[in-house]
Number of protein chains: 2
Amino acid sequence: MEQQTQGEGFSPDTAATRLHRELRTRLCEGDFAPGDLISIRRIATEYGTSAMPAREAVRWLVTEGALVFSDSRKIRVPELNRERFHEVLFARKSLETEVSRQAFPRLTAADLVELEGIDARINAAIEAGDMQAYMRGNHRFHFLIYRRSRSRVLLPLVELLWLQYGPSMRQIGTRWGASRIADDHHRDVTHALSRGDREGFCNAIAADIEQGMRLLE
Amino acid sequence: MEQQTQGEGFSPDTAATRLHRELRTRLCEGDFAPGDLISIRRIATEYGTSAMPAREAVRWLVTEGALVFSDSRKIRVPELNRERFHEVLFARKSLETEVSRQAFPRLTAADLVELEGIDARINAAIEAGDMQAYMRGNHRFHFLIYRRSRSRVLLPLVELLWLQYGPSMRQIGTRWGASRIADDHHRDVTHALSRGDREGFCNAIAADIEQGMRLLE
DNA sequence: CGCTGCAAGATGTGATCACATACGTGTGAT
DNA sequence: ATCACACGTATGTGATCACATCTTGCAGCG
């Protein structure tokens, strides 16, 4: 059993890889809307590269389920129907409570401070009705926690779920206004963390995700 | 909310896609050993295509974690250390018990017969010490169940885990002989199914996976 | 006999071209 | 005015070449 220093996620620093990462975070943070058309050549010119890296990055996102073929030869951001979106949230709850349980003992006091800072910015974004800032903050809030789990197996799966979750959540949020998402459970998360209450912490994460499910009704 | 008939996994029938599927099942069924070197051009000539489709298929497998970069410019089947392999099995238990729970009410009497048939072939493979046949049978046993869940979200995640699980399990099995894996819980699975015992069914699946964890000690 | 060094091959990446097909538009006829 | 056909454009896919880098193997020298 060798060094195994660079787990699975390692890829050489190449143009295609950079583009892939860039598009991934943009998807998770809701920069794209469901139904948006994605063109390989357009992405290429947009980022100043040849078509080759864009082609690889886009095709990777398709295999990850972050993009789909709509008709033949048309790649777009998927529009999740209610059932599918519910499935994603259900899977998120299952995986992310587990990841949170593993992350909990590794979270430091500095992490708690940073989480509270992010939460403050999230609330400001909701107040201002800035959906993009809300999405970015929410993404960073959760993944600051999940990264601490050091899980090289579950964490990539959670990222895949967020790739599907991002665009549809942005759509739902912008469509129904920020008021409906105001009662997130981030405060419960940070409180449980400061109390050292592991199960309360996991339950708050689960409740935060379940609250997203209730948005569907 | 359109038709959404072809969920996420849809890809046009292209050379790269076919190669990708082929290599995926070969990995899940243990055709490759951890540490095996994968060359894009070699795969290309092996399957009679240009380098382009092989390049895409291999790179997709890298983004899925089924293959890794070892040194720079060297792609190989990953060797999971004990901790990592345990993580994969832990994630498998978490996801596959859930998928099994969703699949249970959809399993038919014909499915039960087919599962028993596969189980018989698995036992014959163990008897004969045919690790490859065991791997193939085990893969088909589990995924016949999981496909019935109709989950387009959790099922792809389970497949990702098997892509990592396959090669290392094959290695462990061939190294330690088939005797150690003889006491799988497939019989408990089919029995619980014939009794209509949903929780017993899920528990048998979980026990089957946990038995794999015990092989590590 | 052993070590050094250079050359040849192999590898992944990026770029460019050819190709088949789908879509949009504009022009022509009716 | 309306419909039909055709041409041009845009798309993803496949193939091929160039390039930088790394490995391998063999020859030449000490």
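Numbered from 1 within each chain, the chains take letters A, B, ... in sequence-line order.
Put simply, CZ on R59(B) is 17 Å from P on dT13(D), counting in whole angstrom units. Rounded to a whole Å, the CG atom of L67(A) is 15 Å from the C1' atom of dT11(D). Rounded to whole angstrom, the span from the CD atom of E56(B) across to the P atom of dG12(C) amounts to 14 Å.
If you check every strand for non-hydrogen atoms under 4.0 Å, R55(A) touches a base.
In terms of position on DNA chain D, the residue among G48(B) and V58(A) whose nearest nucleotide sits closer to the 5' end is V58(A). If I75(B) and M52(A) are placed on DNA chain C by their nearest nucleotide, the residue sitting closer to the 5' end is I75(B).
The shortest distance between side-chain heavy atoms of E87(A) and L154(B) does not fall below 4.5 Å.
With sequence neighbours left out, the ring pair (Phe, Tyr, Trp, His ring centres under 6.0 Å) criterion links F143(B) to H139(B), Y146(B), W162(B). Taking F141(A) as the reference, H186(A) meet the ring pair (Phe, Tyr, Trp, His ring centres under 6.0 Å) condition, with sequence neighbours excluded. Residues meeting the ring pair (Phe, Tyr, Trp, His ring centres under 6.0 Å) test with H20(A), sequence neighbours left out: W60(A).
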Sequence neighbours excluded and cut-off under 3.5 Å, please list the side-chain donor-acceptor pairs for residues 28-40 of chain B, or say none.
residue	atom	partner	partner atom	Å
E29(B)	OE2	R140(B)	NE	3.4
D31(B)	OD1	Q132(B)	NE2	2.8
D31(B)	OD2	R26(B)	NE	3.3
D36(B)	OD2	A33(B)	N	3.0
S39(B)	OG	R41(B)	N	3.4
S39(B)	OG	R42(B)	N	3.2

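The stretch residues 33-47 of chain A comes close to DNA chain D through I38(A), S39(A), I40(A), R41(A), each having a heavy atom under 4.0 Å from the strand.
Using modelled atom types and a 3.5 Å distance limit, the side chains of Q102(A) and R150(A) yield no donor-acceptor pair.
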Output a table of nitrogen or oxygen pairs between the protein and nucleotides 20-24 of chain C separated by less than 3.5 Å.
residue	atom	partner	partner atom	Å
dT21(C)	O4'	R73(A)	NH2	3.2
dT21(C)	O3'	R73(A)	NH2	3.2

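Here the rule is side-chain contact (heavy atoms from CB on, under 4.5 Å) with I43(B), and of T49(B), L19(B), I75(B) only L19(B) fits it.
The 12-atom threshold is exceeded at CD of E22(B), counting heavy atoms of other residues, nucleotides or ligands nearer than 6.0 Å.
The phosphate of dG14(D) has OP1 or OP2 within less than 4.0 Å of a side-chain N or O from T14(B).
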